[in-house]
Engineer: 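What follows is a structure written as structure tokens; I'll ask about it next.
Basis for what follows: all heavy atoms, side chains included, without hydrogens, waters or symmetry-related copies. Order of appearance sets the numbers: ligands from 1, and atoms from 1 within every ligand. Remember, it's a predicted structure, so these values are computed and weren't measured experimentally.
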Amino acid sequence: MTGQLSYERYTLPFRAPLRTAHGPWVSREGFWLAWKTESGVVRSEAAPIPGFGGMSMAEIQAGLERLGSEPTESDLQLAMQQGGELAFALGSLNSDWRDWVQEGPDYVPVAGLLPAGRAAFERVDSLLELGFRTFKWKVGVGDPRDEQGMLDDLLGAMPDGARVRLDANGGWDRRTAERWLSVCADRPNIEFIEQPCAADAVDLLLGLAGDYPVTLALDEAVLGQADFVRWRDLGWPGVYVIKPALWGNPCDLITTMRETKADVVISSALETRVGARVTLAVAFALGGGEARAAGVGVWPLFVDATYDGPHALPFLKREAVLALADNLAEGSR
Ligand code: MG
């Protein structure tokens with residue numbers, strides 16, 4: 001892999017600020033990389049999620065400066081071994097992502113996103129009409145009792161076979177989590193509860209997973225390979241929500257997940273279309289059969305729609321991902 005590496009920093013305002021535990025998030029920041037060889041230019045993306053525990057923008061920039069404009073193969077390998085957002089971007093430059101899509105299933109099912117609180121009711125009807133059957137609802141935002149009441153109304157609005165995942169973003173303490181898990185225990189339409197407690201509450205998460213029949217998923221707790229290996233070794237019995245853009249080299253991610261046969265949900269990290277094609281290709285590589293719906297229903301996301309990935313539909317078709325590549329080849333990002 002020899003060529004010339006360049007990069008630019010971008011800031012793209014979201015269509016609407018996103019609510020996070022750290023306050024409103026108004027714009028996406030990241031780096032676009034360009035790798036120029038005799039056969040053309042390939043682009044990729046390194047974009048951290050603030051407050052999520054991955055790399056900072058400064059760390060990515062420092063890593064890029066260390067690599068310089070003509071990194072050697074061993075420089076690149078070393079940087080990719082570190083994992084994280086920069087390794088994702090570097091691994092993407094040399095990935096067979098088109099093959100992953102071509103060799104994957106015809107389509108990947110996608111989970112519909114429901115906003116926190118009562119706003120979910122306004123959204124759910126239109127998503128059902130579009131054909132969504134798996135939903136993700138943000139919880140841990142309002143009073144737990146209010147949210148538990150809303151959950152029953154929400155489940156009541158769903159047809160048979162629909163499934164709901166709850167995402168607490170690590171916000172519950174033990175008592176709140178125990179109450180929620182009791183509520184969900186006899187509601188079979190709950191697919192899983194995502195990150196009920198803080199990422200570092202290892203014993204608590206393992207205990208909850210063992211004490212209740214509800215499936216639990218790790219998200220914030222598993223950013224990369226090292227986290228994944230740690231939880232595997234601890235015997236984590238549930239799901240892993242994996243954001244390829246935060247993990248590292250996407251080729252390694254696919255190999256690891258195929259070898260371990262982990263129960264995985266591939267999820268967007270709110271990439272621009274540059275990073276989205278590789279994230280989506282990973283979902284195809286690990287899709288098919290009984291694969292869970294991917295968490296990639298995030299676009300449209302940006303004020304400038306040029307940078308959006310494919311808009312949220314219940315099934316993401318192979319052609320929609322390959323089309324992202326065609327557009328890139330034409331020179332737009
Ligand atoms: Mg999550």
Side-chain angles (χ1 to χ4, degrees), residues 14 17-25 28 47-54 84-85 88 108-117 119-120 123 127 132 134-142 144 147 151 154 163-173 176-177 180-181 184 190-202 204-205 208-209 214-224 227-228 231 236-247 253 257 262-271 275-276 279-280 282-283 286 291-299 301 309 312:
F14 291 123
L18 306 183
R19 284 170 73 177
T20 77
H22 314 278
W25 186 15
R28 191 78 178 93
I49 300 181
F52 214 80
E85 292 84 346
F88 170 76
V108 162
V110 176
L113 293 182
L114 299 175
R123 183 76 57 82
L127 289 180
F132 284 94
T134 302
F135 299 88
K136 180 169 112 162
W137 186 38
K138 286 260 176 220
V139 288
V141 177
E147 289 183 337
L151 175 66
L154 204 54
R163 308 184 85 191
V164 178
R165 2 179 122 153
L166 306 180
D167 190 353
N169 290 112
W172 294 338
D173 59 18
T176 309
W180 267 104
L181 266 68
C184 293
I190 302 297
E191 184 186 13
F192 57 73
I193 299 178
E194 192 169 316
Q195 201 67 53
C197 305
D200 57 1
V202 176
L204 175 55
L205 286 163
L208 292 170
V214 183
T215 302
L216 301 184
L218 301 174
D219 181 5
E220 284 86 345
V222 184
L223 294 191
D227 295 328
F228 174 75
W231 283 95
W236 177 249
V239 174
Y240 299 88
V241 177
I242 302 291
K243 295 175 169 62
L246 307 187
W247 171 283
L253 169 58
M257 292 304 150
D263 191 352
V264 62
V265 170
I266 294 299
S267 175
S268 161
L270 310 180
E271 306 86 339
T279 289
L280 298 173
V282 172
L286 299 174
R292 293 180 187 270
V296 297
V298 298
W299 301 283
L301 196 56

Engineer: Taking only residues two or more places apart in sequence or in another chain, which ones pass side-chain contact (heavy atoms from CB on, under 4.5 Å) with P237?
Structural biologist: A209

Engineer: Are the side chains of T134 and P109 in touch, meaning some heavy atoms are under 4.5 Å apart?
Structural biologist: no

Engineer: With Q195 as reference, evaluate L166, V241, L205, V222 under the side-chain contact (heavy atoms from CB on, under 4.5 Å) test and give the passing residue.
Structural biologist: L205

Engineer: For distances below 2.8 Å, what is the count of protein N, O or S atoms around the Mg ion (ligand 1)?
Structural biologist: 3

Engineer: If I take atom CZ from residue F52 and atom CD from residue E85, how far apart are they, to the nearest 0.5 angstrom?
Structural biologist: 10.0 Å

Engineer: Between E191 (side chain only) and R165 (backbone N and O only), is there a donor and an acceptor less than 3.5 Å apart?
Structural biologist: no

Engineer: For W25 and F14, take the angle between the two ring planes, folded into 0 to 90°, and tell me which bin it lands in: parallel under 30, tilted 30 to 60, perpendicular over 60.
Structural biologist: perpendicular

